[in-house]
Enquirer: 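Dropping a structure here in structure tokens format, bear with me for questions.
Because the structure is a prediction, the values reported are computed rather than measured. We name chains A, B, ... by the order of the sequence lines, and we start the count at 1 in each one.
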2 protein chains.
Amino acid sequence: MERKCSNLPFLILMQTSKAIHDQIKVEIAKNKLGITEFSVLEVLYQKGKQTIQQIGTCILVSSGSMTYVIDKLEQRGLLSRNACPDDRRMIHVILTDDGNKLMNEIMPKYHEFVDNMFDTLTSDEAGTLVSLMKKVRDKV
Amino acid sequence: MERKCSNLPFLILMQTSKAIHDQIKVEIAKNKLGITEFSVLEVLYQKGKQTIQQIGTCILVSSGSMTYVIDKLEQRGLLSRNACPDDRRMIHVILTDDGNKLMNEIMPKYHEFVDNMFDTLTSDEAGTLVSLMKKVRDKV
DNA sequence: TTTAAATATCTTGAATATGAGATAATCATA
DNA sequence: TATGATTATCTCATATTCAAGATATTTAAA
């Protein structure tokens, strides 16, 4: 993931994102969830009923991985698959009561955790960081 | 990896790093290498002889993964394991002539590729981006 | 209607990553 | 010199991810 490299912005960007990713992984693991699993639950929690396709597009995960992760979350009783009557190719996914309950517990702590990671920046600095990264992101 | 989130710096940072990571993955795959494989070769190319431990620490990969990736690169004849006479727990790894030749071809193109991703930023902007990200990285 | 193309999901196999535990060597110190 | 702790590597089981192909459905066109 990380490499020594003559390009400093590149190096620091990759180091920073990995550090953040690793921290979040640890935080989320406390709830016996992987990051992808948590991402699926988060989308459903925020948006309600979604197709597998929609979730996968949203969190940038392939259909093969989606099947795998939805399977596991369904087995744990955190979400359920529901056939869509309009278009039987699609499957709607929704949180179960257990899933909702779990997310109600997790999300406040999670948001606080993420905010804490960036609270070393002033509001101005955060804005600058965002605009500079967007320039890079949109070019790549 | 990516999630909708109320924290904008977090969201953009993770999106940007993933976009870059994906691009590099594609670029490196042209040489029939994974990112971890490439990272190992890069460390050896820059630093010469290294122990497996040193390489793993440098590229932030576990010992289990190191054994696997060194195995594959050794099978392809790009590097070789050499027992260390001073401390027989350690194994020195060096690039073979084939490995060196390959890296001589790859590295100039790779550096150009990385530089291109960031050349939308002025020198000042790059400096600002680096210092802001360092603040976040060092806090996390 | 029939066919072809596009779409949505699932299945399978390969690549990659980790952690736990095994093995073996070295180091520290009593 | 013992012996206990640490270190380096490897092995093994498990987990995650993706790509390619299979299946089934819908849509569009002939």
Enquirer: List the residues meeting side chain to side chain donor-acceptor pair (under 3.5 Å) with A/Asn116, not counting sequence neighbours, and say none if there are none.
Expert: none
Enquirer: The criterion is side chain to side chain donor-acceptor pair (under 3.5 Å); which residues satisfy it with A/Asn82, sequence neighbours excluded?
Expert: A/Ser80
Enquirer: Can you sort out the partners of B/Asp119 under side chain to side chain donor-acceptor pair (under 3.5 Å), two or more places apart, ordered by chain and number?
Expert: A/Lys139
Enquirer: Test of understanding: with side chain to side chain donor-acceptor pair (under 3.5 Å), list the residues that count as partners of B/Arg89, not counting sequence neighbours.
Expert: B/Asp87
Enquirer: Quick one: side chains of residues 27-34 of chain A, donor-acceptor pairs under 3.5 Å with protein atoms, not counting sequence neighbours, listed by atom name and distance.
Expert:
unit_1	atom_1	unit_2	atom_2	d
A/Glu27	OE1	A/Lys30	NZ	3.0

Enquirer: Base contacts versus sugar-phosphate-only contacts with protein, heavy atoms under 4.0 Å: please encode nucleotides 7-19 of chain D as B, S and - from 5' to 3'.
Expert: BSBBB---SBBBB
Enquirer: What is the distance from CD of A/Gln50 to C1' of C/dA8, rounded to the nearest Å?
Expert: 15 Å
Enquirer: In this structure, how many angstroms lie between the P atom of D/dT27 and the CG atom of A/Asp86, rounded?
Expert: 10 Å
Enquirer: Could you state the CZ-P distance from A/Arg88 to D/dT26, rounded to the nearest angstrom?
Expert: 5 Å
